[in-house]
Engineer: 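Before I ask anything, let me first share the structure, which is written out below as structure tokens.
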Amino acid sequence: MRVITDVDRCVGAGQCVLTEPSVFDQREEDGTVLLLTDEVRGETAERVREATHLCPAQALSTSD
């Protein structure tokens with residue numbers, strides 16, 4: 001599964017980092033999402049789907 005982020009929509013809430021820190025981090029400058037990897041599988045993919053649903057700005061999406 002591919003992970004897609006929209007930095008312009010990100011509000012820096014950090015829910016993605018709390019949900020899956022191996023995939024998401026936050027930029028030190030402004031707290032917006034920093035994608036560490038854009039391909040995930042298995043349990044990591046499930047946590048990324050959860051992070052996508054938790055994102056208050058809807059800045060995350062996935063593609064199979």
Side-chain angles (χ1 to χ4, degrees):
M1 181 176 79
R2 185 165 180 221
V3 184
I4 303 163
T5 60
D6 184 345
V7 176
D8 292 334
R9 294 186 74 154
C10 180
V11 296
Q15 294 299 311
C16 56
V17 179
L18 294 172
T19 305
E20 188 45 69
S22 70
V23 175
F24 303 105
D25 200 353
Q26 289 179 284
R27 298 176 196 270
E28 288 189 29
E29 314 86 66
D30 58 7
T32 57
V33 64
L34 175 64
L35 191 59
L36 302 176
T37 181
D38 65 352
E39 291 286 334
V40 295
R41 297 179 190 189
E43 292 181 17
T44 302
E46 290 303 315
R47 288 190 294 274
V48 167
R49 283 189 185 96
E50 181 180 353
T52 300
H53 292 292
L54 292 173
C55 178
Q58 300 179 344
L60 307 175
S61 60
T62 60
S63 173
D64 290 322

Engineer: Would you compute the distance between atom CD of Q15 and atom CD of E20 and round it to the nearest 0.5 angstrom?
Structural biologist: 13.5 Å
Engineer: Grab the two heavy atoms, one from T44 and one from V23, that are nearest each other, plus how far apart they are.
Structural biologist: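 Closest approach of T44 to V23, heavy atoms only: CG2-CG2, 3.6 Å.
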Engineer: Please tell me whether E39 and T37 have a donor and an acceptor in their side chains that are separated by less than 3.5 angstrom.
Structural biologist: no
Engineer: Please assess T5 against C10 for the test side chain to side chain contact (heavy atoms under 4.5 Å, CB included), listing each intermediate value before the final yes or no.
Structural biologist: CA-CA 8 Å; T5 60; C10 180; over 6 Å; no
Engineer: If you look at every heavy atom in P21 and L36, which pair is closest and at what distance?
Structural biologist: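 That would be O-CD1, 3.6 Å.
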Engineer: Is there a salt bridge (Lys or Arg N to Asp or Glu O under 4.0 Å) between E46 and R49? Walk through the geometry before answering.
Structural biologist: CA-CA 5 Å; E46 290 303 315; R49 283 189 185 96; 2.7 Å; yes
Engineer: Hey, which of V33, T52, D25 is the one that makes side chain to side chain contact (heavy atoms under 4.5 Å, CB included) with C16?
Structural biologist: V33
Engineer: Tell me whether Q26 contacts the main-chain N or O of G12 through its side chain, where contact means a donor paired with an acceptor under 3.5 Å.
Structural biologist: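 Yes; judged by distance alone, with no hydrogens or angles, the pair exists.
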Engineer: Are L34 and L60 connected, step by step, through hydrophobic side chains (Ile, Leu, Val, Met, Phe, Trp, Tyr) whose heavy atoms are closer than 4.5 Å?
Structural biologist: no
Engineer: Do V7 and R27 come close enough that some side-chain heavy atom pair is under 4.5 Å?
Structural biologist: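 SC-SC contact between V7 and R27 confirmed.
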Engineer: Do the non-hydrogen side-chain atoms of L35 and F24 ever get within less than 4.5 Å of each other?
Structural biologist: yes
